[in-house]
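First comes the structure, then the notes that go with it.
Here is how names work: the chains are called A, B, and so on, in the same order as the sequence lines, proteins then strands, and each is numbered from 1. Please read all numbers here as calculations on a predicted model, not as lab measurements.
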There are 2 protein chains.
Amino acid sequence: MALRLIDADGVEALTMRKLATALNANPMSLYHHVPNKDAVLQGVARTVGAQFRTATREDAAWQDRIRQLAEDFRTLAHRHPELMTYSFARPDFIQPEDPFWLGLTAVLEDAGVPEAETPQVAAPVCAAVLGVLIAEVNGALHQWSALLPTGDGDGGRADTGPDDSRMFRLALEMIIAGLDSRLTSERIGRDSSDSS
Amino acid sequence: MALRLIDADGVEALTMRKLATALNANPMSLYHHVPNKDAVLQGVARTVGAQFRTATREDAAWQDRIRQLAEDFRTLAHRHPELMTYSFARPDFIQPEDPFWLGLTAVLEDAGVPEAETPQVAAPVCAAVLGVLIAEVNGALHQWSALLPTGDGDGGRADTGPDDSRMFRLALEMIIAGLDSRLTSERIGRDSSDSS
DNA sequence: ACCTGAACACCGTTCAAGT
DNA sequence: ACCTGAACACCGTTCAAGT
């Protein structure tokens, strides 16, 4: 219910009193099930962060599997844009047990990242993807890119959606390419074929 | 003054009434200089976003100039961590006239990005860097990476700082490598040597 | 055990009134 | 023109009291 209110009116409009009346309850009854407001926000953030289940097919190339993870997360972000910008400010948004995190680390390991380094590589990747997602969802991406009108013919304001998709995908490809170059350069540096 | 209060106690602790008393003024006097609270937050966010002046030496390689821009932004973020996590949620944090944005677009153009595409490339780069910065500053980066203790000898909790630096730099190098691969693949695709 | 009304200590903001 | 006190419509949360 809290999530529904947030999706409708934004995080800052969520109020213990409103939540209670939306639940047909007395405002004070909430405090019997939850210690305070931050706990409900944390609950919502974590629930959504853990929500999406992304079954990456293990036969695909790691690049494709990362693309799939990122796209899945993007549709989640588009479903809850108001929560997204708020959640990313919390350090506990994504938990180590979340399917997104598990999927990402699994893919990176399959791609050849040494197991001991996986979290240290996954963390920046996750942060970068989330950063682009937030910037897309709150309009920053669109505003930054809208300095020069790309075409000349049209009205000039209509196509906000597809342009954002292109930029998100560009960022994603950049990250994948960066990951790739890091992996190959490392493999050259060592050149010992550790299978498993 | 608002910035000082935010740095001390966080954005959510900033109050018109507290700000006024910190200014030795009546709470209501503020409304003669500012329409509402959001305006002071916007003012603070934009002021800080426009603050840092980064004189990239034009003789350096574009990779080094991007590194310098990013590192400068990082020191800014470390100076105002509380504001940072809040500001990034605003679409108006970084403005097209800000030195960071101008510097970034200038470097990308020098690197060979066609002038018409510069903003569409700069925007994702900016978003990704900011994303990593936020995740570092709010502790998410550290939390995500702390799943496996990297070493075995020590206490295991002491070295938070240097590890974060390594991850930030890793993300930065990934972005640069991704940019690089995009530039070279494009140059091969066209192969017409447009000077200027 | 669970719910509730009243109350406390705050908010942002308006507005009529002061100088 | 600028400042101010009182007031309004809200908050989150506590707590004693109800069932």
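Base pairing of C:dC11 is not made with any nucleotide, judged by Watson-Crick or G-U wobble geometry with both donor-acceptor distances under 3.5 Å. Base pairing of C:dC2 is made with D:dG18, judged by Watson-Crick or G-U wobble geometry with both donor-acceptor distances under 3.5 Å.
Positionally, the nearest nucleotide of DNA chain D for B:Ala25 lies more toward the 5' end than for the other of A:Pro27 and B:Ala25. Closest-nucleotide positions on DNA chain D for A:Lys18 and B:His32 were compared, and the one nearer the 5' end corresponds to B:His32.
In this structure, CG of B:Asn36 is placed 8 Å from P of C:dT14, rounded to the nearest angstrom. One interatomic measurement links the two molecules: CG of B:Leu30 to C1' of D:dT4, which rounds to 12 Å at whole-angstrom precision. Put simply, CG on B:Leu19 is 15 Å from C1' on C:dT13, counting in whole angstrom units. As a whole-Å value, the separation of A:Arg17 CZ from C:dC10 C1' is 11 Å. Counting to the nearest Å, the P atom of D:dC11 and the CE atom of B:Met16 are 19 Å from each other.
The listed nucleotides are C:dT4, D:dG12, C:dT14; the one nearest the side chain of B:Tyr31 is C:dT14. Side chain of A:Thr15, nearest nucleotide from D:dC11, C:dC2, D:dT14: D:dC11. Candidate nucleotides D:dT4, D:dC11, D:dT13 were compared by shortest atom distance to the side chain of B:Ser29, and D:dT4 ranks first. Across C:dT4, D:dT14, C:dC11, the shortest atom-to-atom separation from the side chain of A:Asn26 is found for C:dT4. Across C:dA6, D:dG12, C:dC11, the shortest atom-to-atom separation from the side chain of A:Met28 is found for C:dA6.
Within the 6.0 Å centre-distance limit, the rings of B:Phe100 and B:Phe73 are counted as a close aromatic pair.
The cationic group of A:Arg46 does not satisfy the cation-pi geometry with A:Phe93, failing either the under 6.0 Å distance to the six-membered ring centre or the 45° limit from the ring axis.
Surrounding CD of A:Glu58 are at most 12 heavy atoms belonging to other residues, nucleotides or ligands under 6.0 Å away.
Rounded to the nearest 0.5 angstrom, B:His142 NE2 and A:Gln120 CD are separated by 10.0 Å.
Counting only heavy atoms from C-beta outward, the side chains of B:Asp163 and B:Arg166 approach each other to under 4.5 Å.
Contact annotation: B:His33 side-chain N/O to D:dC2 OP1/OP2 distance is not under 4.0 Å.
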